[in-house]
Amino acid sequence: MDQESKERKSQRLQLLKQRAQAVLDQCQKSGTMDRPDAMGTSKLLEDLRIYQVELELQNEELRAAQLEAEHAQRSYRTLFDQMPLPALVLDTNGIVDDCNERATTLLGAHGRFVALDIRFWHRLNKPDRARLHVALRDVMPGQSQVLRRVEITNQAGAPVVFDVHLIGLSMDYKLDRRVLLLLVDRNAEQAREQERRLYDALLDATDNPIYAADLEGKMLLVNQALLQLLQRPRDAVLGHTRESFQPLRDALLHREADQQVLQSGVPTTFEERIHPVGESDPIDFVTRRFPLYDRAGKAYGVGGIATDVSALKAQQRKLLLSESVFQNSDQAIIVTDAQMHIIRVNAAFTRMTGFSAEAVLGQHTRVLKSGRHSPAFYESIGRSLMQTGHWAGELNNRRADGSFFTVWSNISVVRDSEGQVMHYIALQSDVTQLHEAQIALQRQASYDGLTGLPNRDLFNDRIAQLVAQSQRQQSQFALLFVDLDHFKEVNDTLGHQVGDILLRTVSERLQRGVRSEDTVARMGGDEFVILLPNTDRPGALSLANNLLVRLREPLVLEGAGSYRPMASMGVSVFPEDGRSPDELLRSADMAMYRAKMTGRNRMLSYTADMGASNDLAFTIQTELAIGLVEQQFRVYYQPKCMLNTGELVGAEALVRWDRPGHGITLPGVFIGVAEKSGLLVELDHWVMQDSLRQLGEWLRAGLWKPTMRMAVNQNVADLQRSDLLDQINALLQASGVGPEMLELEITEDALLHHTSEQLERLQALRSTGVSVAIDDFGTGYSSLSYLRLLPVSVIKIDQSFVASMLTDANDAVLVRTIIDMAHDLGHSLVAEGVETPMQCERLCELGAEVGQGYFFGYPVSAEEFEQRWLRNFAS
Ligand code: C2E
Ligand code: MG
Ligand code: MG
């Protein structure tokens with residue numbers, strides 16, 4: 001109903017009221033109250049009825065309007081409450097007029113009885129409160145304003161950030177000014193922004209280049225790592241295609257890879273290279289590419305995350321190289337763990353050892369050991385590895401088939417960063433063949449071809465080592481110098497082949513007679529040396545004695561029948577007899593010389609006095625030669641007498657050297673030297689000549705009875721001379737001496753080495769009437785039966801038996817046996833070295849006829865002999 005119709009209605013009502021009042025007044029005056037149908041009354045009633053209808057219509061209208069209003073009110077409320085934002089209506093003073101459900105929820109049920117506006121304002125901080133007050137005042141109806149980032153504490157006590165939209169309400173809402181507040185939550189947006197910043201940080205913090213590109217290849221995203229690599233600012237990359245910021249080749253390849261992923265829709269990993277600006281070496285990458293989809297599931301681009309694998313690749317290449325070297329190496333390679341368990345072997349290992357990898361993996365390296373090295377040897381390897389990290393040397397190993405082989409092994413230790421042993425790596429080359437060749441060469445160079453014994457060179461090495469070692473350990477060792485007796489004769493008479501057989505036999509016997517740690521070496525000719533580590537003098541002497549016995553075992557030599565090799569030995573001991581190899585060797589040599597000179601087939605230990613005399617051996621040799629020329633030699637004569645009567649039956653011619661500055665020198669000093677130097681033959685010849693000359697003189701003077709015999713010593717070498725017989729005959733003739741007055745004394749050991757030729761010569765001598773005596777009998781160990789074969793007539797028992805026969809029962813038996821046997825054979829017997837009447841008596845009892853020795857007389861000069869013996873007896 002508009003204003004106008006309302007006014008009209010109230011005017012009509014006023015008019016009707018006035019008319020009704022006038023009718024009533026009329027009735028009262030006329031008293032016709034009970035007669036309503038007075039004039040004009042019905043008309044009024046009619047109007048009233050109309051009016052009533054009108055009113056009822058109006059009421060109807062009003063009710064409808066009211067319903068409409070109520071509906072509108074409800075609609076507004078519903079709308080207001082269901083708004084997705086908290087909303088409040090405030091007046092300009094900040095009093096809350098209305099608020100919707102969201103706002104109520106925000107502000108909370110708590111303090112329901114506290115006025116809503118107070119609750120609202122309490123939830124704001126001071127600055128925001130002030131800002132809101134100003135805004136409330138400023139916002140005019142129909143205007144709006146936004147307050148950004150207003151913080152409101154929610155009912156849970158947490159701050160929530162809102163943008164507050166203020167809308168000035170029109171006066172239609174209220175006559176006073178009212179402002180509608182809409183609170184728009186900013187938290188979700190803020191979280192999104194935070195999330196984006198987190199992503200950005202992550203993207204830029206990683207070393208992996210990351211990008212995203214759209215369908216056209218324009219960059220949507222690029223991280224710091226990629227920019228760094230490209231050496232471009234972000235602006236130059238974002239929104240651009242690769243061609244504008246990458247080398248063309250890279251750009252095309254990478255773009256193609258992007259396309260491939262987009263087409264297939266399958267995330268794929270690519271290996272690719274990037275050529276960084278200004279760097280020569282490309283960088284290897286592995287890039288994972290994946291399609292990017294929008295909400296609708298439509299691909300809008302491609303993303304990629306790359307990883308720099310250059311280092312890995314380089315390592316891989318190195319590994320490949322190592323692997324190829326490992327597998328293709330000619331050398332066997334064995335890798336073990338710290339406990340020496342084999343963890344890898346290569347093909348060469350299998351070829352070399354016959355062990356497959358499977359057979360040895362996990363095994364300890366001892367499966368390869370030959371057992372030919374001592375534990376100490378392996379310990380020394382271990383020490384070297386721990387100290388230097390390395391060991392190289394030869395190892396004797398075992399193959400799968402059990403055979404042995406030698407490798408040159410190079411072992412290294414691999415340690416971790418903390419110095420802990422991780423692995424051992426052994427590189428091995430098979431040097432078996434090399435080794436064998438080397439050994440053969442070494443043998444040639446170090447071993448004597450004939451006997452297989454170490455030669456002089458090797459001996460020199462060994463003795464040098466032994467000297468060093470004995471010095472360190474302060475221990476002793478002994479050196480034996482062995483020189484075969486009469487080897488030259490064997491060689492000269494029986495030939496070199498027989499000589500070789502003898503040398504081989506001797507070397508075998510010597511070797512069998514020593515310990516494994518001893519060294520028997522051949523120094524050349526018939527000289528041997530034996531090194532006896534950790535041996536003192538008594539030990540060496542007893543060993544030398546055993547060796548002499550061992551050597552004397554008979555052997556059959558072609559042309560000589562049964563032969564007993566003999567040798568003279570000299571012993572020197574470190575350090576007393578010499579501190580250097582040279583000194584020791586010289587000492588042993590001197591002792592050997594002395595043994596030779598004092599009768600051979602014996603051994604002597606070095607003594608200091610030998611040094612003096614032997615130092616002169618060389619001098620002696622030269623002096624001897626001079627002595628022969630200058631006639632410095634004399635012949636002494638020692639009587640031979642009947643043991644029972646003492647009657648003179650002959651003499652032995654014994655050479656003496658009237659050596660300038662030394663006086664009369666005994667044969668022991670120079671016979672050996674003379675023999676060695678070959679001067680003895682000449683000397684013997686001179687002695688024979690001079691003694692026969694003397695004999696001839698004595699004979700002619702009537703001093704020498706023709707029944708007496710002159711014994712002259714002859715070296716076995718003399719027998720070798722084919723002209724010996726002629727010479728002797730010539731001398732006999734020249735001196736006018738009959739052969740029956742001459743007796744040749746030949747030592748037993750010399751005769752043992754006889755040859756058939758020598759025997760024939762002896763035989764021939766005998767047939768001329770010359771006697772032959774075996775000198776020093778008993779020392780040469782010739783069998784008694786052997787004696788029968790010799791064309792001798794006299795046996796001279798060696799003085800050693802005579803010296804000991806009274807004290808040694810064995811020797812007494814031996815002497816008796818020799819005497820009996822000599823008699824059996826028809827030989828006469830001479831006892832040497834008779835010094836006492838007791839010996840003389842005993843020899844007599846035993847049946848010996850002739851004696852020689854100090855008991856009867858010393859060897860004396862011709863003049864003295866003549867004086868003492870010939871003139872006395874002759875008279
Ligand atoms: P032999 O032929 O056995 O001579 C005997 C040696 O015994 C001599 O030594 C003599 O002096 C020594 N002798 C004699 N009676 C006794 C005694 O009662 N007690 C002791 N202990 N010794 C006694 P000598 O003269 O020194 O000669 C040593 C050896 O030298 C000789 O031993 C002989 O084998 C050799 N010899 C000597 N002259 C010559 C020679 O002209 N030519 C050769 N080839 N050898 C010679
Ligand atoms: Mg003699
Ligand atoms: Mg003798």
Side-chain angles (χ1 to χ4, degrees), residues 485-486 489 568 594-602 624 627-628 632-641 643 650-657 664-692 694 709-721 724 731 742-751 771-780 792 794-805 830-840 843 850-862 864-865:
D485 293 336
H486 306 295
E489 289 86 311
S568 304
R594 182 56 71 90
K596 268 239 163 9
M597 284 185 259
T598 52
R600 300 195 186 86
N601 183 31
R602 66 191 64 193
L624 266 178
L628 274 169
Q632 292 168 1
F633 293 93
R634 313 277 174 265
V635 180
Y636 272 39
Y637 300 91
Q638 187 177 27
K640 290 186 182 179
C641 303
L643 284 164
E652 180 176 3
L654 294 162
V655 70
R656 296 290 182 265
W657 182 15
I664 296 297
T665 305
L666 292 174
V669 178
F670 59 89
I671 287 285
V673 183
E675 188 181 358
K676 280 250 159 200
S677 60
L679 292 170
L680 191 56
V681 173
E682 199 183 334
L683 184 68
D684 276 352
H685 181 248
W686 179 85
V687 171
M688 173 80 78
Q689 187 186 31
D690 199 58
S691 52
L692 285 179
Q694 183 64 60
R709 276 203 299 248
M710 173 71 78
V712 181
N713 291 285
Q714 286 287 290
N715 188 259
V716 79
D718 299 324
L719 288 182
Q720 197 55 39
R721 288 183 286 139
L724 179 73
L731 289 177
L742 177 65
E743 186 171 289
L744 295 189
E745 285 194 13
I746 297 165
T747 52
E748 184 200 3
D749 64 309
L751 274 179
S771 303
V772 175
I774 300 183
D775 204 351
D776 303 343
F777 189 82
T779 57
V792 296
V794 181
I795 289 171
K796 290 186 81 177
I797 301 178
D798 188 67
Q799 42 182 280
S800 60
F801 295 107
V802 175
S804 59
M805 69 177 187
V830 180
E832 280 189 312
V834 183
E835 292 181 350
T836 64
M838 290 262 283
Q839 288 168 338
C840 183
L843 285 163
V850 179
Q852 180 185 348
Y854 302 155
F855 175 67
F856 301 106
Y858 290 90
V860 288
S861 65
E864 206 176 328
F865 187 79

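Whatever order the structure lists ligands and atoms in, that order sets their numbers, starting from 1. All of these numbers come straight from a predicted model, not from anything done at the bench.
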Thr747, any N or O under 3.5 Å of ligand 1 N or O: no

Whether [X] has an N, O or S atom under 2.8 Å from the Mg ion (ligand 2):
X	answer
Asn713	yes
Glu652	yes
Asp775	yes

Lys/Arg-Asp/Glu bridge criterion (N-O < 4.0 Å) met for Glu743, Lys796: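 Between Lys796 and Glu743 there is no salt bridge, as every charged N stays at least 4.0 Å from the carboxylate O atoms.
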
[X]: heavy atom below 4.0 Å from ligand 1, yes or no?
X	result
Lys796	no
Pro859	yes
Glu652	yes

Ligand 1 versus Asn713, non-hydrogen atoms closer than 4.0 Å: side chain, backbone, both, neither?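 Looking at Asn713 and ligand 1, atoms from backbone and side chain both fall under 4.0 Å.
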
May I ask you to identify, for Val635, whether its side chain, its backbone, both or neither come under 4.0 Å of ligand 1 on a heavy-atom basis?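 Neither; no heavy atom under 4.0 Å.
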
Please state which option from Val802, Asp684, Asp798, Leu654 has its nearest heavy atom closest to atom 44 (N) of ligand 1.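 Checking each option, the heavy atom nearest atom 44 (N) of ligand 1 is found in Asp684.
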
Out of Trp686, Tyr854, Tyr636, who gets a non-hydrogen atom closest to atom 23 (C) of ligand 1?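 Answer by nearest heavy atom: Tyr854.
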
I'd like to check Gln694 versus Val635 (side-chain heavy atoms, cut-off strictly below 4.5 Å). Are they in contact? no

If we only count heavy atoms from C-beta on, is the Cys641 to Phe855 side-chain gap below 4.5 Å?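 Cys641 does not reach Phe855 side chain to side chain.
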
Under 4.0 Å to a heavy atom of Asp776 - the qualifying atoms of ligand 1, by number: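 Those atoms are 3 (O).
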
So which of the N, O or S atoms of Glu745 lies nearest the Mg ion (ligand 2)? OE1

